[in-house]
Novice: 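This is the structure I have questions about; it appears just below.
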There are 2 protein chains.
Amino acid sequence: MVAEITIQDVARRAGVSPSTVSNLLNGRTERMRPETLERVQRAIAQLGYSPNRTARHLKTGRVEMIGVIVPSVANPFYGAFASHVERAALKAGYQILLGNSERDPERERRYAEELWSHGIRGMIFGSSLLALTHLANLVEHGLSIVAFDRQAQAADALPIDSVSVDNVLAARLATDHLLKLGHRRIGFVTGPLRTVNRLNRLEGYEHALREFGIALDRELIWEKSLDQGFGDTEGVELGRCGARELLGKPNRPTALIAINDMYAFGAYAGARDLGLRVPTDVSVVGIDDGVLAEVVDPPLTTVRQPLCEMTQAAVDIIIRRIEGKTNGAPQHLTMKPELIVRKSTTSNL
Amino acid sequence: MVAEITIQDVARRAGVSPSTVSNLLNGRTERMRPETLERVQRAIAQLGYSPNRTARHLKTGRVEMIGVIVPSVANPFYGAFASHVERAALKAGYQILLGNSERDPERERRYAEELWSHGIRGMIFGSSLLALTHLANLVEHGLSIVAFDRQAQAADALPIDSVSVDNVLAARLATDHLLKLGHRRIGFVTGPLRTVNRLNRLEGYEHALREFGIALDRELIWEKSLDQGFGDTEGVELGRCGARELLGKPNRPTALIAINDMYAFGAYAGARDLGLRVPTDVSVVGIDDGVLAEVVDPPLTTVRQPLCEMTQAAVDIIIRRIEGKTNGAPQHLTMKPELIVRKSTTSNL
DNA sequence: CTATATTTGTGTTTCGATACACCAATATCG
DNA sequence: CGATATTGGTGTATCGAAACACAAATATAG
């Protein structure tokens, strides 16, 4: 246990005042003799000094961190998301602080307050919750938020930026694809409809059916949540369970749309449980296009979200807000999804 | 943008000194009149005050955060890991700060120094790198580290705690299982052998073969890394590639052991690429037992790591170190792995 | 050779919370 | 009733870095 090295130690060693060291640290070198500069730099290197961020933050009020709150990184989609956000943040000199909210507004609020008390003034939320009122207080105090994968809602009263894929379109692409393949009874498997992106996807599904002149059959929409709360396995378990129930009906659907890839993988298992094969007996489409989509058997037909561009945009926006480079009205970016046809869907003609 | 509320504001409102508010905040209420206490509490509630952690940290030198550094949370294993660590940490009143190192010692060192300069004095490393010398400097300065999934090495000169599954045993269980099923040519698919856990697993594989009286065929050990660096997809891609190469040989193996579940899923795809079926044409065993293992088709026979207990132990150890409740020699916990037989392996008799 | 600029740093205060020595007011006791 | 405890707080210095006004040393001008 060695004592911390402070700016004072460096100053003493270089024979200058702490102020001078601070000046160098903050790039105010223009009025500094080259030899002084070099002396200070040597002292820093020799002592292995690195400034205490806490002290710096207390003084400046700025902290180069952004908060990232997702339902759970145990879900590979959010894992990949967090990973992309981190990469983009690091490039801009920011660290990320990650929290799992399990889509619980109360946990989300607590996390946000926690991060706030660490001086973090910008956060990205991936949970896509219907309301954002639990964050109103902090936003009014000056917190900047980017809602990820949650298109702005008419009812939103808060100035919150958003970056999202067009989820209505995503589900329309999936549904249209199946309709064109001749499917008429298409099941929709989702977890709790407590998020904007899910509602939008359902809307896209209904829209596509309507456009095609097919009556909506409520029986084909399966929505349920796990009793024992949220877990790592939520998506696949629900997908499995939903597929089993829908495919067990007398007049079973010939195709399923899963709310995301994890649900689709679960649906594969559910179909298998009933002795049905994908795509021969039932076509399955996912949404996300994560890394596993092309590896599973059969490779999953799914709708791609441009995750990389989306995260980059989200990070850019939040940093501009934090640094006060944007002050105006909330920005809302909507990206285009893309249908990726693989082997999990087949013609029903 | 509302001004921050400080302890002074609360004190003024309650008609006491900041010291008194601080005393309450830190539980020193024993010599405080109940009515004063109540007045201060009311002031805190009315103003919605929450203490500035930065200032507190600067004064106390303590910060209730632990660093968690993993190769990448985009890998579901580390996503689940991070999620478990977070849960355990929160229970103990700690936050986690997460970093992805992509197994690069230099990135790992930079991250560690970054976290150190934030006042973090305890970190959990999940990368299992062969050497830990890149962290020597910080450890000498007082950083506590738990190496996760990396059994202590004889050459380790640093006082670093560890929590790991017995990786040698894990691979032995997998190999024995296949041997008992009658397999004699068993391939081993792994990424770069630059981690302790991988080397240990390879050792377990070799050990089991030797014990069974089977000569080691180096041709059956496939080890490669991706050219274009580390990505979300590393595991599955390498597994796929490895399986394709091994199964493409004239005298191909009848079974494969994948270094982890992701590689195993890749191996499924690789076998499929060659028109081979699992387990009819080739048996596959993974290691980890993540959530997808029982969902994929066929459900994966794998070796379970008791992730939950392991992370809990790691968090307990690191917090005891940070709080100075343990000072002695490094602790090394080794947990027992468990073979989970599903449908991806079958008899070769 | 004095007056004014310019260069090159420095001293002091501050951020918000905490630790700790210390003080005022009241209670207790012989 | 004066001396001593006890109760219930408070004043002040401090953590490490940064901001900013200001000062010493040197250069330049007239």
Side-chain angles (χ1 to χ4, degrees), chain A residues 2-41 43-44 47-64 113-114 116-121 141-142, chain B residues 2-41 43-44 47-64 113-114 116-121 141-142:
Chain A
V2 185
E4 308 294 321
I5 294 145
T6 74
I7 201 171
Q8 331 279 346
D9 301 325
V10 176
R12 209 168 314 131
R13 175 144 196 157
V16 297
S17 77
S19 301
T20 301
V21 182
S22 171
N23 284 337
L24 186 153
L25 254 31
N26 292 281
R28 286 182 291 273
T29 53
E30 64 286 351
R31 35 180 68 191
M32 225 165 131
R33 233 176 314 164
E35 65 235 52
T36 312
L37 193 146
E38 212 237 7
R39 221 156 13 116
V40 176
Q41 280 176 329
I44 289 176
L47 295 171
Y49 167 72
S50 88
N52 180 319
R53 308 257 171 176
T54 305
R56 168 179 287 178
H57 166 220
L58 179 59
K59 184 60 184 153
T60 63
R62 271 174 278 117
V63 47
E64 276 98 27
E113 286 189 350
E114 183 78 16
W116 173 266
S117 79
H118 281 290
I120 292 174
R121 295 296 174 263
H141 277 74
Chain B
V2 185
E4 309 292 321
I5 294 142
T6 74
I7 200 171
Q8 331 278 347
D9 301 325
V10 176
R12 208 169 312 132
R13 175 145 196 158
V16 296
S17 77
S19 301
T20 301
V21 181
S22 171
N23 285 337
L24 187 152
L25 252 31
N26 292 281
R28 286 182 291 274
T29 53
E30 64 286 351
R31 39 178 67 190
M32 226 167 133
R33 235 175 312 165
E35 65 236 54
T36 312
L37 193 148
E38 212 238 9
R39 219 153 18 112
V40 176
Q41 281 176 330
I44 289 176
L47 294 172
Y49 167 72
S50 87
N52 179 319
R53 308 256 171 178
T54 304
R56 169 179 288 177
H57 167 219
L58 181 58
K59 185 59 183 151
T60 64
R62 272 173 277 117
V63 47
E64 276 98 27
E113 285 188 353
E114 183 78 16
W116 173 267
S117 79
H118 281 290
I120 292 175
R121 295 295 174 263
H141 277 74

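Letters go in sequence order (proteins before strands), and every chain restarts at 1.
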Novice: Just to confirm, is there a sub-4.0 Å distance from OP1 or OP2 of C:dT18 to any side-chain nitrogen or oxygen of B:Thr60?
Specialist: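 So the side chain of B:Thr60 is outside the cut-off, no N or O lying under 4.0 Å from OP1 or OP2 of C:dT18.
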
Novice: Look up atom CD in B:Glu114 and atom OG in A:Ser50, then write down how far apart they are to the nearest 0.5 Å.
Specialist: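 So the CD of B:Glu114 and the OG of A:Ser50 are separated by 8.5 Å.
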
Novice: Respond yes when some side-chain nitrogen or oxygen of B:Arg53 is under 4.0 Å from OP1 or OP2 of C:dA17, and no when none is.
Specialist: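 The answer is no; no side-chain N or O of B:Arg53 sits under 4.0 Å from OP1 or OP2.
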
Novice: Please report, rounded to the nearest Å, how far the P atom of D:dG16 is from the NE2 atom of B:His57.
Specialist: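 After rounding, the reported distance stands at 10 Å.
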
Novice: With a non-hydrogen cut-off below 4.0 angstrom, is B:Thr36 in contact with a base, only sugar-phosphate, or nothing?
Specialist: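 Sugar-phosphate, backbone atoms only, no base.
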
Novice: Return no unless some side-chain N or O of B:Tyr49 is found under 4.0 Å from OP1 or OP2 of C:dA17.
Specialist: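 Looking at the OP1 and OP2 atoms of C:dA17, one of them is under 4.0 Å from a side-chain N or O of B:Tyr49.
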
Novice: Just how far, in rounded Å, is P of D:dT6 from CZ of B:Arg31?
Specialist: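 It is 10 Å, rounded to the nearest whole Å.
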
Novice: How close or far is atom C1' of C:dT14 from atom NZ of A:Lys59, stated in whole angstroms?
Specialist: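 Going from NZ in A:Lys59 over to C1' in C:dT14 covers 4 Å.
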
Novice: Find the distance A:His118:NE2 to C:dC15:P and express it as a whole number of Å.
Specialist: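 Value for this atom pair: 22 Å.
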
Novice: Rounded off to whole Å, could you give me the CD1-to-P distance for the B:Ile5 and C:dC15 pair?
Specialist: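 One finds 16 Å between P of C:dC15 and CD1 of B:Ile5, rounded.
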
Novice: Can you tell me how far P of D:dA18 sits from CG of A:Leu24, to the nearest Å?
Specialist: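 Result: 11 Å.
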
Novice: Are B:Arg33 and B:Glu38 close enough for a salt bridge, meaning some N to O gap below 4.0 Å?
Specialist: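 No.
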
Novice: Take atom CZ of B:Arg28 and atom C1' of C:dT18, then tell me their distance rounded to the nearest Å.
Specialist: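 After rounding, the gap between these two atoms is 7 Å.
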
Novice: Give a yes or no on whether a salt bridge exists between A:Arg121 and A:Glu64, defined as a side-chain N under 4.0 angstrom from a carboxylate O.
Specialist: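 Salt bridge between A:Arg121 and A:Glu64, a charged N being under 4.0 Å from a carboxylate O: no.
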
Novice: Please pick, from C:dA17, C:dG16, D:dA17, the nucleotide with the shortest atom-to-atom distance to any side-chain atom of A:Arg56.
Specialist: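 Among the listed nucleotides, the one closest to the side chain of A:Arg56 is D:dA17.
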
Novice: How would you label the contact of A:Ser19 with the nucleic acid (heavy atoms, under 4.0 Å): base, sugar-phosphate, or nothing?
Specialist: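 It contacts base atoms.
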
Novice: Quick one: which of A:Thr36, A:Leu37, A:Val40, A:Asn23 gives a side-chain contact (heavy atoms from CB on, under 4.5 Å) with A:Thr29?
Specialist: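 Of all the options given, the one that passes is A:Leu37.
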
Novice: Rounded to whole Å, please give me the gap between CG in B:Asn23 and C1' in D:dT10.
Specialist: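 One finds 10 Å between C1' of D:dT10 and CG of B:Asn23, rounded.
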
Novice: Given C:dT18, is OP1 or OP2 found less than 4.0 Å from the side-chain N or O atoms of B:Asn26?
Specialist: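 For C:dT18, OP1 or OP2 has a side-chain N or O of B:Asn26 closer than 4.0 Å.
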
Novice: Just wondering, more than 12 heavy atoms not from A:Arg62 lying within 6.0 Å of its CZ?
Specialist: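 Count not over threshold, so no.
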
Novice: Quick one: is D:dA18 close enough that its OP1 or OP2 comes under 4.0 Å of any side-chain N or O from A:Ser22?
Specialist: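 True: A:Ser22 side-chain N/O within range (under 4.0 Å) of D:dA18 OP1/OP2.
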
Novice: Pick the nucleotide of DNA chain D nearest each of B:Ala55 and B:Thr20; which residue has the one closer to the 5' end?
Specialist: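 So the residue in question is B:Thr20.
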
Novice: Indicate, with a heavy-atom threshold strictly under 4.0 Å, whether B:Val16 touches base, sugar-phosphate, or nothing.
Specialist: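 Sugar-phosphate contact only.
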
Novice: With distance as the sole criterion, do the side chain of B:Ser17 and the base of D:dG11 form a donor-acceptor contact below 3.5 Å?
Specialist: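 A donor-acceptor contact between them is absent.
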
